[in-house]
Amino acid sequence: MADFLTKMEDNYAQWYNDLVIKADLAENSAVRGCMVIKPYGYGIWEKIQSELDKLFKDTGHVNAYFPLFIPKSFFAREADHVEGFAKECAVVTHYRLRNRPDGRGIEVDPDAKLEEELIIRPTSETIIWNTYRNWIQSYRDLPLLINQWANVVRWEMRTRLFLRTAEFLWQEGHTAHASKEEAIEETKTIINLYTHFVQDYMGIPVLKGTKSESEKFAGAIDTYAIEALMQDGKSLQAGTSHFLGQNFAKAFDVQFTDKSGKLEYVWSTSWGVSTRLMGALVMSHGDNHGLVLPPKLAPIQVVIVPIYKGNSQLDAISSTALKIKTDLEKHGLRVKYDDRDTHKPGFKFAEYELKGVPIRLAIGPRDIENQTVEVARRDTMDKKTININNTVEHLISLITDIQKNIFNKALKFREQNTYEVDSWDEFKESIENRGGFILAHWDGTAETEEKIKNETRASIRIIPLDSQAQKGKCVYSGKASQKRVVFARAY
RNA sequence: CGGGGUAUAGCGCAGUCCGGUUAGCGCACCUGCUUUGGGAGCAGGGGGUCGUAAGUUCGAAUCUUACUACCCCGACCA
């Protein structure tokens with residue numbers, strides 16, 4: 001058995017880390033805080049990329065690519081933005097190395113100092129808006145709906161695989177609009193798109209809302225976000241969409257002539273999700289047997305394992321297995337037939353469970369004789385034997401069922417770990433002992449938010465968009481409140 | 001940046017206090033035979049400048065000093 005996973009109760013962080021590494025997703029690299037995403041893990045990221053990309057294109061967006069390096073001066077243009085990111089930037093100061101005079105290795109050539117330092121992008125608003133100035137002259141150039149798949153670097157003090165690495169992969173959308181209303185509409189379109197993707201593809205239920213003043217993106221007017229509850233009771237921000245107002249347009253002097261001939265600053269948005277989503281996947285669905293992948297994103301949806309003695313048995317099983325594989329592939333399923341002779345069936349079973357493959361078929365001599373096949377589903381670990389002629393039909397409905405079941409299981413977990421709390425004592429007790437989401441009244445002030453955070457390490461994750469108004473009293477200050485907000489400890 | 005740890009084979013560790021054979025164990029790896037319906041068994045084998053540098057000593061993984069890297073807990077953050 002996977003003994004390392006029984007550590008879960010002792011140390012969730014360690015369990016998570018081991019799971020990521022042993023399931024072949026990623027490992028720590030030689031560079032502090034950076035990770036190597038391994039082929040299997042990258043396969044999942046590729047699925048996330050391709051499915052999201054389709055959704056972006058369906059909503060009128062196009063891809064482009066902007067430089068990795070940003071001149072330092074660009075950052076100074078938007079005051080809030082520089083304050084938000086200044087503390088965690090990697091900076092390029094030189095462009096050449098040389099041999100050390102004493103012959104012991106190499107050193108930075110002091111003569112090769114850059115006139116102006118280059119910042120390795122922590123996000124691309126500045127370089128993109130500097131470019132948009134030249135692209136936008138008229139209302140006819142709008143809207144500009146661009147997305148970029150890229151890597152960014154944020155020099156975090158503490159890092160964790162997928163959840164917070166110094167370098168990470170993401171997509172960042174940057175759009176420009178002629179009106180405020182249109183930009184706000186875009187911001188909402190995207191947060192809804194993210195909600196759809198995370199819930200319906202990744203099987204992770206999320207809460208959607210806006211961020212408080214102190215939690216919003218540096219340079220934004222409003223930040224919309226989705227938050228998911230992990231199995232250790234902590235919240236993870238899974239995606240954000242920012243309404244930037246005219247802040248960046250003004251900072252980079254991006255104006256257009258509207259229909260009436262008047263010069264106006266453009267309205268903008270930016271939004272993104274990152275490889276952090278893979279961390280969310282692991283933490284939302286993983287169990288003591290390893291990863292549990294939602295079928296829509298699993299690089300391998302069905303694995304077929306032969307059980308045999310000797311080559312003649314294997315040959316008979318293989319011809320059956322390969323026929324099933326072909327049939328399933330005709331219906332769009334991603335299937336692997338694992339006939340490696342170097343590992344025993346039991347080893348393979350455990351290995352694919354660790355990797356989270358949704359469905360496993362086992363075929364042995366008994367099955368050949370009876371015209372059956374054993375079907376095992378990863379999410380519930382149930383096994384059953386079915387008639388071989390029903391395989392395709394059975395699996396097509398099973399794959400849909402697993403996708404739904406994973407989501408429902410996570411939703412149920414979230415519901416069971418969401419509490420309405422009305423007293424400060426209960427708030428503290430709940431955060432400390434139960435974790436999870438707390439729905440509580442808040443007086444709307446940054447002071448109260450700050451005090452709650454200092455005393456409990458819980459922050460306001462989101463202010464729900466569509467929750468019903470409900471008069472109440474702030475759980476901390478006792479002042480009047482119009483609706484509940486969502487508190488949690490977060491990653 | 002503060003507090004606490006760790007550094008010995010690919011991974012996980014023992015040995016360090018109290019210096020003394022050829023530095024050991026588990027997993028992994030390689031070979032052979034037997035195995036194959038839930039992580040195989042037996043036998044054999046390979047792999048180490050004990051983080052780096054200097055010092056003490058007849059002798060250093062072990063003692064001293066300096067340096068470096070990494071991990072955990074905070075503050076920071078997608």
Side-chain angles (χ1 to χ4, degrees), chain A residues 1-5 7 11 13-14 17-18 21-22 27-34 83-89 104-105 122-123 151-172 194 211 214-218 223 225-228 235-242 270-280 289-290 305-311 313-314 317 338-355 360-370 372-374 376 381 383 385 453-454 457 459 461 490-491:
Chain A
M1 278 303 296
D3 54 311
F4 72 93
L5 292 172
K7 292 178 193 162
N11 185 343
Q14 191 61 48
N17 219 38
D18 283 354
I21 291 167
K22 301 212 172 170
E27 63 189 24
N28 287 304
S29 78
V31 183
R32 192 210 83 105
C34 296
E83 184 165 344
F85 286 100
K87 284 171 286 186
E88 52 183 27
C89 287
R104 296 171 62 172
T123 178
N151 57 343
V152 290
V153 169
R154 297 182 187 174
W155 215 259
E156 302 291 349
M157 292 168 193
R158 278 187 62 200
T159 59
R160 194 178 305 294
L161 291 172
F162 288 118
L163 297 178
R164 192 178 303 103
T165 42
E167 179 192 11
F168 56 94
L169 304 181
W170 76 347
Q171 58 70 214
E172 47 179 326
Y194 285 158
K211 287 286 180 183
S214 65
E215 296 276 336
K216 76 182 190 189
F217 177 73
T223 288
I226 50 175
E227 292 275 333
S235 177
L236 185 74
Q237 182 171 305
T240 49
S241 179
H242 315 291
S270 71
W271 27 274
V273 296
S274 70
T275 37
R276 170 178 263 201
L277 284 179
M278 295 188 54
H289 296 276
V305 178
I307 298 160
Y308 59 95
K309 293 178 191 174
N311 277 337
Q313 263 186 13
L314 177 60
I317 293 166
D338 185 357
D339 62 349
R340 284 176 300 171
D341 194 37
T342 50
H343 297 277
K344 295 183 30 164
F347 180 92
K348 294 176 187 174
F349 292 174
E351 185 182 24
Y352 290 111
E353 278 158 15
L354 185 57
K355 290 188 170 188
R360 180 187 72 235
L361 300 181
I363 306 173
R366 226 158 53 203
D367 297 301
I368 297 295
E369 194 178 324
N370 303 331
T372 57
V373 57
E374 184 191 79
M381 298 291 282
K383 281 194 287 199
T385 301
K453 192 170 182 181
N454 287 342
R457 288 197 287 130
S459 53
R461 300 321 305 157
Y491 274 98

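In this text, all values refer to a predicted model and were calculated from it rather than measured experimentally. We name chains A, B, ... by the order of the sequence lines, and we start the count at 1 in each one.
- Between the CG atom of Asp341(A) and the C1' atom of U36(B) there is a distance of 9 Å, rounded to whole Å.
- For Arg360(A) and Glu351(A), the salt-bridge test fails: no basic side-chain N is under 4.0 Å from an acidic carboxylate O.
- The base of G38(B) sits with one of its N or O atoms less than 3.5 Å from a complementary donor or acceptor on the side chain of Lys383(A).
- Residues Ile317(A) and Pro365(A) are in side-chain contact: their nearest non-hydrogen atoms beyond the backbone lie under 4.5 Å apart.
- Between the side chain of Glu351(A) and the base of G38(B) there is no donor-acceptor pair of N/O atoms closer than 3.5 Å.
- Counting non-hydrogen atoms under 4.0 angstrom, Glu353(A) reaches a base of the nucleic acid.
- Residue Arg360(A) has no polar side-chain atom (N or O) positioned under 4.0 Å from OP1 or OP2 of G38(B).
- Relative orientation of the Tyr194(A) and Trp271(A) rings is perpendicular, given thresholds of 30° and 60° on the angle between their planes.
- Going from the P atom of G12(B) to that of C72(B) covers 13 Å, rounded to whole Å.
- In the set C76(B), G38(B), G37(B), the nucleotide with an atom closest to the side chain of Phe349(A) is G38(B).
- When each of Gly33(A) and Asp367(A) is assigned the nucleotide of RNA chain B bearing its nearest heavy atom, the one mapping closer to the 5' terminus is Asp367(A).
- Mapping Gly346(A) and Ala490(A) onto RNA chain B by nearest heavy atom places Gly346(A) closer to the 5' end of the strand.
- In this structure, Lys309(A) reaches the U36(B) phosphate: one of its side-chain N or O atoms is under 4.0 Å from OP1 or OP2.
- Using a 4.0 Å heavy-atom distance criterion, Leu236(A) is classed as making no nucleic acid contact.
- Side-chain atoms of Glu156(A) never come within 3.5 Å of backbone atoms of Thr165(A) as a donor-acceptor pair (strictly under, hydrogens ignored).
- Rounded to whole Å, the separation between the P atoms of A28(B) and G19(B) comes to 37 Å.
- Straight-line distance from the NE2 atom of His343(A) to the C1' atom of G39(B): 11 Å, rounded to whole Å.
- Rounded to whole Å, the distance from CG on Asn17(A) to C1' on C71(B) is 10 Å.
- In this structure, G51(B) forms a base pair with C67(B), meeting either the Watson-Crick or the G-U wobble geometry with both donor-acceptor distances under 3.5 Å.
- Between the Ser235(A) side chain and the Glu227(A) main chain, no donor and acceptor come within less than 3.5 Å of each other.
- With both ends at atom P, the span from A61(B) to A40(B) equals 39 Å, rounded to whole Å.
- In this structure, Ser459(A) reaches neither bases nor backbone, as no heavy-atom distance under 4.0 Å exists between it and the strands shown.
- If you take CG of Asn311(A) and C1' of U36(B), they are 13 Å apart, rounded to a whole angstrom.
- When rounded to the nearest whole Å, the span between OH of Tyr352(A) and P of G39(B) equals 17 Å.
- Between Trp170(A) and Arg154(A), the closest heavy-atom pair is CH2-NH2, 3.4 Å.
- Here C72(B) is the nucleotide among G39(B), U36(B), C72(B) with the atom lying nearest to any side-chain atom of Arg160(A).
- If you take OH of Tyr491(A) and P of G74(B), they are 11 Å apart, rounded to a whole angstrom.
- The same atom, C1', is picked in G45(B) and in G3(B); the two are 47 Å apart, to the nearest Å.
- Whole-Å rounding puts the Asn28(A) CG to A69(B) P distance at 16 Å.
- Protein atom CG of Leu314(A) is 14 Å distant from nucleotide atom P of G37(B), rounded to whole Å.
- Counting any heavy atom pair closer than 4.0 Å across all strands shown, Glu156(A) reaches a base atom.
- Comparing the same atom, C1', in U64(B) and in G4(B) gives a spacing of 23 Å after rounding to whole Å.
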